[in-house]
Amino acid sequence: MHIGIIGNGFSGLMVARHLIDLGDTSLSISIFEKQHQPGRGIAYSPQSEKVLLNVVAAKMSAFPDNPTHFVEWLSKQTQFLKDDLNLLANSFVSRAMYGNYLQDLWIETKQIAQTKKIDLELLNLEITDLFCTEKTVHIHTKNNEFLVDKVILATGNQLPGNPKELTGDSMLSNRYFQNPWNYSLNPVDPKKPIFILGNGLTMVDTVMQLREQKCMNQIISLSPHGFHILPHRNFTYTLPDWISELPPSPTLLQLVSAINRQFKALHKHGISAEPLIDSIRPHTQRFWRGFSQYEKKRFMRHFRHLWGLARHRLPFVTYDIIQKERINGSLSIKSGKVISAKPVENGIQITYFDKTSKQNQTILAEVLINCTGPESDITKTNSSLLQNCLKQGYIQQDDLKLGISTNINTFETINAAGKENEKIFAIGNLLRGELWESTAVNELRSQAKNLASAILIN
Ligand SMILES: Cc1cc2nc3c(=O)[nH]c(=O)nc-3n(C[C@H](O)[C@H](O)[C@H](O)COP(=O)(O)OP(=O)(O)OC[C@H]3O[C@@H](n4cnc5c(N)ncnc54)[C@H](O)[C@@H]3O)c2cc1C
């Protein structure tokens with residue numbers, strides 16, 4: 001069987017690894033990757049060595065059945081040779097270091113494939129389209145075609161969507177960066193602020209990178225809620241089981257009431273929501289799947305941002321840096337909405353509604369950086385592959401447009417007629433509509449293993 005994998009980030013790499021571990025000489029694999037070095041993807045190809053993983057090393061093993069794999073790998077790296085394993089397990093190491101781990105896994109994967117006489121090739125190409133016949137999937141690049149028996153969409157994180165308030169002028173301008181993970185600043189006027197859209201982990205990375213590039217301009221970050229991102233507090237406290245008291249498929253209301261009760265109990269003892277979130281995470285996919293469409297929509301409207309705030313936390317050192325920036329005023333976090341952004345001769349003129357003053361504000365910024373996070377609505381992404389698959393009816397978006405409809409047991413995508421595609425599979429971010437949490441290593445490592453078994457069994 002010849003399998004094509006589109007994307008060689010964490011998901012593409014780890015599916016290939018499990019396919020090779022489970023497969024034999026009848027298997028051959030072609031991986032297509034348009035941009036990044038093997039395994040790294042956007043997350044682990046940071047512009048700065050200083051940006052850290054947002055969870056501790058102990059939680060970042062690439063293998064679901066070998067939880068200490070990453071920490072053991074770390075302990076063999078020159079800079080950590082003398083460090084205590086327990087300290088390493090609780091450390092927040094750099095994302096670049098995690099990228100090195102994945103690159104080592106790629107080298108090891110190639111060696112295993114060679115030993116097992118399985119063909120494995122990595123092609124540095126962007127896939128733009130697919131075409132399925134009864135027996136074959138035709139994979140298209142701009143100038144070439146490849147034939148495989150089955151294909152896996154492991155396309156991962158897309159660039160942030162352009163807010164509709166931005167006109168053609170601003171999007172074409174060199175004062176606007178849609179890609180917050182890969183941009184370069186020309187020399188900047190130190191008197192004008194840098195304007196960041198979004199207030200999550202990508203905003204934090206961007207602040208860290210700007211400062212590393214010696215850009216000391218004032219930074220303004222604007223988001224609908226203007227929440228202050230929270231730190232990991234390193235609690236050792238584990239909440240007693242409260243989940244088993246819930247019905248197997250709690251309604252959104254039952255869940256929110258139970259969470260509130262637990263939160264108040266923790267709060268009374270001066271403890272943050274972190275142990276509570278840890279207790280919920282193994283069950284989020286089950287809860288999500290039990291919600292009605294109406295409940296999912298309510299969650300998205302009322303609780304998504306709060307969940308994101310409680311769940312996505314910063315390592316303490318990073319939190320400290322951001323706090324200092326806020327206190328000395330060099331980073332100003334605002335809540336509101338952009339109204340317009342217009343490039344002018346010496347900058348970009350941004351008008352936004354400021355929720356605190358309840359007034360429109362206009363400022364002249366040096367550049368505008370979009371840190372609103374990966375776009376999930378395929379119709380708004382830059383991916384011609386996903387858009388073409390959608391147009392041809394090979395895939396359909398889920399109702400909330402968080403990804404695509406997929407059978408979560410077989411990983412087969414669902415076509416426009418509502419039928420499973422036996423030849424097109426999906427993993428990762430594309431499954432967010434089905435699973436809600438389908439983004440982090442914590443979820444992707446099991447998906448990669450299960451997907452490899454599902455494909456080889458069929
Ligand atoms: C900035 C950032 C930081 C993160 N930090 C963490 C963290 O600390 N811990 C954690 O658990 N998770 C983190 N995540 C979540 C992260 O999404 C996952 O950990 C993981 O990297 C996702 O892997 P992936 O392979 O699914 O997607 P990606 O890493 O996005 O990889 C997809 C790959 O597919 C390629 N591709 C896409 N389309 C095509 C095409 N048409 N043709 C060819 N190639 C294509 C892309 O170039 C890319 O390399 C972070 C995410 C981001 C964006």
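One-based numbering along the sequence shown. Counting starts at 1 for both ligands and their atoms, in listed order.
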If we only count N/O pairs under 3.5 Å, is T202 in contact with ligand 1?
no
As an exercise, identify every atom of ligand 1 less than 4.0 angstrom from a heavy atom of L53.
8 (O)
Parallel, tilted or perpendicular: which describes the rings of H69 and F63, with under 30° parallel and over 60° perpendicular?
perpendicular
Check residues 211-218 and write down every donor-acceptor pair under 3.5 Å in which the side-chain atom is one partner and the other belongs to a residue at least two apart or another chain.
{"unit_1": "R211", "atom_1": "NE", "unit_2": "E325", "atom_2": "OE1", "d": "3.3"}
{"unit_1": "R211", "atom_1": "NE", "unit_2": "E325", "atom_2": "OE2", "d": "2.8"}
{"unit_1": "R211", "atom_1": "NH1", "unit_2": "C215", "atom_2": "O", "d": "2.8"}
{"unit_1": "R211", "atom_1": "NH1", "unit_2": "N217", "atom_2": "O", "d": "2.8"}
{"unit_1": "R211", "atom_1": "NH2", "unit_2": "N217", "atom_2": "O", "d": "3.2"}
{"unit_1": "R211", "atom_1": "NH2", "unit_2": "E325", "atom_2": "OE1", "d": "2.9"}
{"unit_1": "R211", "atom_1": "NH2", "unit_2": "S330", "atom_2": "O", "d": "3.4"}
{"unit_1": "E212", "atom_1": "OE1", "unit_2": "S48", "atom_2": "OG", "d": "2.2"}
{"unit_1": "N217", "atom_1": "ND2", "unit_2": "D189", "atom_2": "O", "d": "2.9"}
{"unit_1": "N217", "atom_1": "ND2", "unit_2": "K192", "atom_2": "O", "d": "2.7"}
{"unit_1": "Q218", "atom_1": "NE2", "unit_2": "G329", "atom_2": "O", "d": "3.4"}

Taking atom CD as the centre, does Q35 end up with more than 12 heavy-atom neighbours from other residues, nucleotides or ligands that are less than 6.0 angstrom away?
yes
Which residue and heavy atom of the protein sit nearest atom 15 (C) of ligand 1, plus the separation
T439 O, 3.4 Å
Are E443 and R281 close enough for a salt bridge, meaning some N to O gap below 4.0 Å?
yes
Can you confirm, on distance only, whether ligand 1 has an N/O atom lying under 3.5 Å from any N/O atom belonging to V55?
no
Checking contacts here: is it the side chain or the backbone of K59 that comes within 4.0 Å of ligand 1, counting heavy atoms only? Could be both or neither.
neither
Atom 38 (N) of ligand 1 - nearest protein heavy atom and its distance
T155 CG2, 3.6 Å
Looking only at side-chain N and O atoms, does S30 offer a donor or acceptor that is under 3.5 Å from a partner on H2?
yes
Does the ring center of F70 lie less than 6.0 Å from the ring center of Y98?
yes
What protein heavy atom sits nearest atom 14 (N) of ligand 1, and how far off is it?
Y44 OH, 4.0 Å
4.0 Å heavy-atom contact, I42 with ligand 1:
yes
A154 to ligand 1, any heavy atom closer than 4.0 Å
yes
Give me the nearest non-hydrogen protein atom to atom 1 (C) of ligand 1 as residue plus atom name, then the distance to 0.1 Å.
W181 NE1, 3.3 Å
When the ring centroid of W288 is compared with that of F299, is the distance short of 6.0 Å?
yes
Can you spot which of R311, R304, R432 makes a salt bridge (charged side-chain N to carboxylate O under 4.0 Å, His left out) with E437?
R311
Report the nearest protein non-hydrogen atom to atom 30 (O) of ligand 1: residue, atom name, distance rounded to 0.1 Å.
N157 N, 2.8 Å
Can you pull out the closest protein heavy atom to atom 31 (O) of ligand 1? Residue, atom name and distance to 0.1 Å, please.
G9 CA, 3.5 Å
SB check D399 K296 (cutoff 4.0 Å)
no
Would you say the side-chain atoms of T410 and E420 include a donor-acceptor pair closer than 3.5 Å?
no
Residue portion contacting ligand 1 (non-hydrogen atoms closer than 4.0 Å) for F10
both
Tell me which donor-acceptor pairs under 3.5 Å the side chains of residues 177-186 have, and how far apart each pair is, sequence neighbours excluded?
{"unit_1": "Q178", "atom_1": "NE2", "unit_2": "P160", "atom_2": "O", "d": "2.8"}
{"unit_1": "N179", "atom_1": "OD1", "unit_2": "W181", "atom_2": "N", "d": "2.8"}
{"unit_1": "N179", "atom_1": "OD1", "unit_2": "N182", "atom_2": "N", "d": "3.3"}

Short N-O contact, D320 and K324, less than 4.0 angstrom
no
Would you check the N or O atoms of I127, main chain and side chain alike, for any that come under 3.5 Å of an N or O of ligand 1?
yes
Look at ligand 1 and say whether I6 reaches it with a heavy atom at a distance under 4.0 Å.
yes
At less than 4.0 angstrom from any non-hydrogen atom of M60, what atoms of ligand 1 do you find?
9 (N), 10 (C), 11 (O)
Give yes if a backbone or side-chain nitrogen or oxygen of D205 is under 3.5 Å from a nitrogen or oxygen of ligand 1, and no if not.
no
Around atom 35 (C) of ligand 1, find the nearest protein heavy atom and jot down its residue, atom name and distance.
E33 OE1, 3.3 Å
In the protein, what heavy atom is nearest to atom 52 (C) of ligand 1, and what distance, to one decimal place, separates them?
A43 CB, 3.7 Å
Give a yes/no on ligand 1: does L125 have at least one heavy atom closer than 4.0 angstrom to it?
yes
Does ligand 1 have any atom that is closer than 4.0 Å to a heavy atom of Q158?
no
Does any N or O atom in K34 lie less than 3.5 angstrom from one in ligand 1, N or O only?
yes
Please work out whether any backbone atom (N, CA, C, O) or any side-chain heavy atom from C-beta onward of N429 is under 4.0 Å from ligand 1, and answer side chain, backbone, both or neither.
neither
With a 6.0 Å cut-off (strictly less than), is the heavy-atom count around CD of E49, excluding the residue itself, greater than 12?
no
